[in-house]
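Written below as structure tokens is the structure these notes are about.
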2 protein chains.
Amino acid sequence: MITTKDDLKDMLVSKGVKPTFQRLSILGAVFEKRTHPTIKSLHGELVKSVPTLSKTTLYSTLELFAHKGIVTALTIDPTKVRYDGHTTPHHHFFCDHCARIIDLDLACANSRRGEFEGHRISEVHGYFKGICKECLTKDHKKHNLSRRN
Amino acid sequence: MITTKDDLKDMLVSKGVKPTFQRLSILGAVFEKRTHPTIKSLHGELVKSVPTLSKTTLYSTLELFAHKGIVTALTIDPTKVRYDGHTTPHHHFFCDHCARIIDLDLACANSRRGEFEGHRISEVHGYFKGICKECLTKDHKKHNLSRRN
DNA sequence: ATGACTGCAAAATATTTGCATATTC
DNA sequence: GAATATGCAAATATTTTGCAGTCAT
């Protein structure tokens with residue numbers, strides 16, 4: 001899935017979001033990765049190309065994107081929000097050992113939009129917790145490194 | 001569901017957890033409520049009966065309980081962990097407006113224990129986000145108060 | 001010029017850690 | 001009395017806020 005600068009721009013404009021340089025960079029980074037990045041990891045990576053980019057902008061931009069449905073905020077990892085640019089319905093797997101979030105191609109039978117018992121539903125989240133395949137095998141040292149990012 | 005002090009004690013002992021005074025108080029409070037309390041709200045309430053109880057103890061005790069499967073840690077509310085003493089499978093609804101977590105009696109068709117695609121699953125989480133029934137009606141001032149607890 | 005966006009620094013929140021004291025068996 | 005649990009204070013980490021400077025139209 002190749003996403004050009006123009007694709008990103010069109011996506012923002014179509015959602016009524018002004019396509020600033022920072023926003024395009026942030027959107028590009030979230031879309032490009034399947035790693036469910038944190039504010040911290042995004043900042044660390046993006047300052048290379050956008051040296052003045054502040055965490056404040058990342059916070060406000062990602063909140064805006066989430067509100068517009070452009071990205072999804074994942075609160076699976078305690079005390080740290082992760083972002084997902086992949087908004088088609090799918091499940092997640094959180095590894096208690098390496099703290100990665102892995103996509104699972106599993107639709108949810110309960111995925112109801114609209115109303116349920118009088119509540120208005122806007123998002124559906126489903127995930128599993130446990131130990132991932134890689135950590136179950138011996139070489140989990142490498143994955144452990146991602147504990148803090 | 002009436003839970004006596006002895007019931008709580010038996011539950012801890014059966015899980016191999018020493019039934020100290022603090023732990024019994026904490027367990028009692030989490031079981032009694034269906035409000036998915038936070039560390040802060042539990043502390044505020046429990047100091048009335050256990051004046052010396054520290055947040056450190058609440059953190060370590062609830063982590064221990066969660067590890068033993070006595071309670072479930074919910075990471076739905078961003079930047080704040082909430083605890084659920086109700087461990088039979090059910091879904092949750094998080095209200096973006098009043099920040100309450102409401103229990104939904106909905107089983108998950110995907111609720112697989114054991115293995116999935118090589119990953120070892122220990123917990124299954126399903127929840128919806130949106131605006132709750134109460135906040136959709138006019139009187140949401142009261143519920144707003146629970147924003148910070 | 002106006003309004004929206006950005007970013008620095010400081011504040012607010014939540015959680016973790018070190019270590020001394022107290023409790024339980 | 002040894003091992004474990006508790007609690008205070010300090011340290012970390014994350015997110016939010018106030019405000020001043022910038023950018024685009």
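Chain naming here is simple, since letters A, B, ... match the order of the sequence lines and numbering starts at 1 in each. Just so it is clear, the structure is predicted and the values come from calculations on it, not from any experiment. We use all heavy atoms of the structure for the numbers below, so side chains are in, but hydrogens, waters and symmetry mates are not.
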Shortest non-hydrogen contact from S14(B) toward M11(B): OG-O, 2.8 Å
Rounded distance (Å) that lies between atom P of dT6(D) and atom CD of E63(B): 13 Å
Whole-Å distance separating the CG atom of D77(A) from the C1' atom of dT15(D): 15 Å
Ring centres under 6.0 angstrom apart (H92(B), H36(B)): yes
Y59(B) OH - dA14(C) C1' separation (whole Å): 5 Å
Aromatic plane relationship, F128(B) with F116(A) - under 30° parallel, 30 to 60° tilted, over 60° perpendicular: tilted
Comparing K55(B) and K18(B) on DNA chain D - which has the more 5′ nearest nucleotide: K18(B)
Base dC8(C) to side chain T56(A), donor-acceptor N/O within 3.5 Å cut-off: yes
Any S54(B) side-chain N or O less than 4.0 Å from OP1/OP2 of dC8(D): no
Distance test, side-chain N/O of T20(B) to OP1/OP2 of dT23(C), below 4.0 Å: no
T57(B) vs dG7(D): side-chain N/O to OP1/OP2 distance below 4.0 Å: yes
Short side-chain N/O contact to dC23(D) OP1/OP2 from Q22(A), under 4.0 Å: no
Spacing between F21(A) atom CZ and dA24(D) atom P, to the nearest angstrom: 11 Å
Rounded distance in Å - CG (L53(A)) to P (dC5(C)): 15 Å
Residue closer to the 5' end of DNA chain C, V81(B) versus L64(A) (nearest nucleotide): L64(A)
For atom NZ of K40(B) and atom C1' of dT13(C), their distance in whole Å: 8 Å
Rounded interatomic separation in angstrom, taking CG from L62(A) and P from dT14(D): 15 Å
Rounded interatomic separation in angstrom, taking CD1 from I39(B) and P from dA13(D): 19 Å
